[in-house]
Amino acid sequence: MSVAATAGPSTAPTLIQERFTALRAQETCALMPFLMAGDPDLTVTAASLLALQAAGADLIELGIPYSDPLADGPVIQAAASRALASGTTPGRVLEMLTSLRGRLRVPVVLFTYSNPLLNRGMETFCRAAAAAGAAGLVVPDLPLEEARKLSAIAAGHGLDLVLLVAPNTPAERMARIHAASRGFTYLVSVTGVTGVRTSLEDRVGPLVGRLRELGPTPVAVGFGIATGEQAFQVRRWGADGAIVGSALVRRMAEAHGSGADVAAEAGAFVASLRTALDQPL
């Protein structure tokens with residue numbers, strides 16, 4: 001189906017927009033953990049999603065495993081490999097998400113790559129994702145020019161297509177990406193792949209301010225945030241959200257390897273991030 005045949009986007013606020021509006025009113029920074037669907041299996045993923053919600057996550061980024069994850073570092077690449085080995089497919093991820101409707105109330109942003117999406121068809125994928133209860137999409141390898149097409153299709157199903165900017169994105173292009181991003185703009189804190197870092201780059205703070213000046217779209221910082229202290233630093237910079245991925249994925253893998261309750265460990269880690277993020281400025 002062509003973009004022209006797709007139903008137009010609603011003028012009502014999306015789930016992600018509503019969440020960030022409420023958080024801004026409360027002067028709260030969004031906590032957005034990332035986990036890989038199917039690692040170690042989808043039953044654990046479902047339990048972990050509910051545990052993250054209970055621990056204080058404001059939004060959740062859910063990775064769909066892919067065999068060639070160019071934007072991901074070794075921790076998340078390994079998680080994707082384990083998930084694929086356990087038989088995880090995009091269809092099964094959406095089935096799992098559907099099973100949580102009514103219980104999972106935080107907006108879920110699906111993280112996927114362009115090849116699986118194009119193989120299924122943009123229209124078909126967006127329709128299925130929305131029906132499963134997803135609120136948005138992140139497709140890191142999709143250029144801005146292609147993203148405009150997907151964004152229109154996604155918006156027709158009530159989904160926000162979140163776009164990424166990096167510290168080395170040219171200023172003019174950064175402005176265009178920020179203007180085109182829906183829900184929030186994903187500010188990558190490093191020039192490289194995902195992974196745990198011991199510190200965040202100082203230049204990220206001014207970039208948060210620059211994006212805030214360019215328009216009202218919320219700004220969330222990800223790639224490299226591993227501790228409560230780093231999440232709090234993101235809040236001090238004035239960001240609307242902190243995304244924590246590799247540190248959580250590694251914690252869950254270690255729990256599974258030791259025979260511990262993976263969902264409980266995930267919840268405990270996110271609860272500690274929530275406490276750090278909410279301390280007085």
Test ring-ring contact (aromatic ring centres under 6.0 Å, His included) applied to F34 - qualifying residues, sequence neighbours left out
F111
Tell me, do L59 and V108 make a side-chain contact under 4.5 Å, heavy atoms counted?
no
Closest approach of L144 and A180, non-hydrogen atoms and distance?
CD1-CB, 4.0 Å
Side chains of V165 and V219: does their closest heavy-atom pair fall under 4.5 Å?
no
Do the non-hydrogen side-chain atoms of V262 and E265 ever get within less than 4.5 Å of each other?
no
Tell me the closest heavy-atom pair linking F20 and D240, and the distance in Å.
CE2-O, 3.5 Å
Would you check if there is a donor-acceptor pair between the side chains of S114 and D141 at a distance under 3.5 Å?
yes
Do M32 and L15 share a hydrophobic cluster (ILVMFWY, side-chain heavy atoms under 4.5 Å, transitive)?
no
Going by heavy atoms in the side chains, are D39 and M252 under 4.5 Å from each other?
no
Do M122 and L117 have side chains that get closer than 4.5 Å, going by heavy atoms?
yes
With no hydrogens and no angle check, do the side chains of H157 and E123 hold a donor and an acceptor under 3.5 Å apart?
yes
Within 6.0 angstrom of E145 CD, more than 12 heavy atoms from elsewhere:
yes
Beyond-backbone contact of P90 with L110, side-chain heavy atoms, under 4.5 angstrom:
no
Test side chain to side chain contact (heavy atoms under 4.5 Å, CB included) applied to M96 and T43, T88, L49, the passing residue:
L49
Taking all non-hydrogen atoms of both residues into account, name the closest pair between V208 and V221 and its distance.
CG2-CG2, 3.9 Å
Does Q233 reach the side chain of E229, with side-chain heavy atoms less than 4.5 Å apart?
no
Under the side-chain contact (heavy atoms from CB on, under 4.5 Å) test, residues paired with L50 that sit two or more places apart
Q53, L100, R103, L104
Is P107 close to E18 at the side-chain level, that is, under 4.5 Å between some pair of heavy atoms?
no
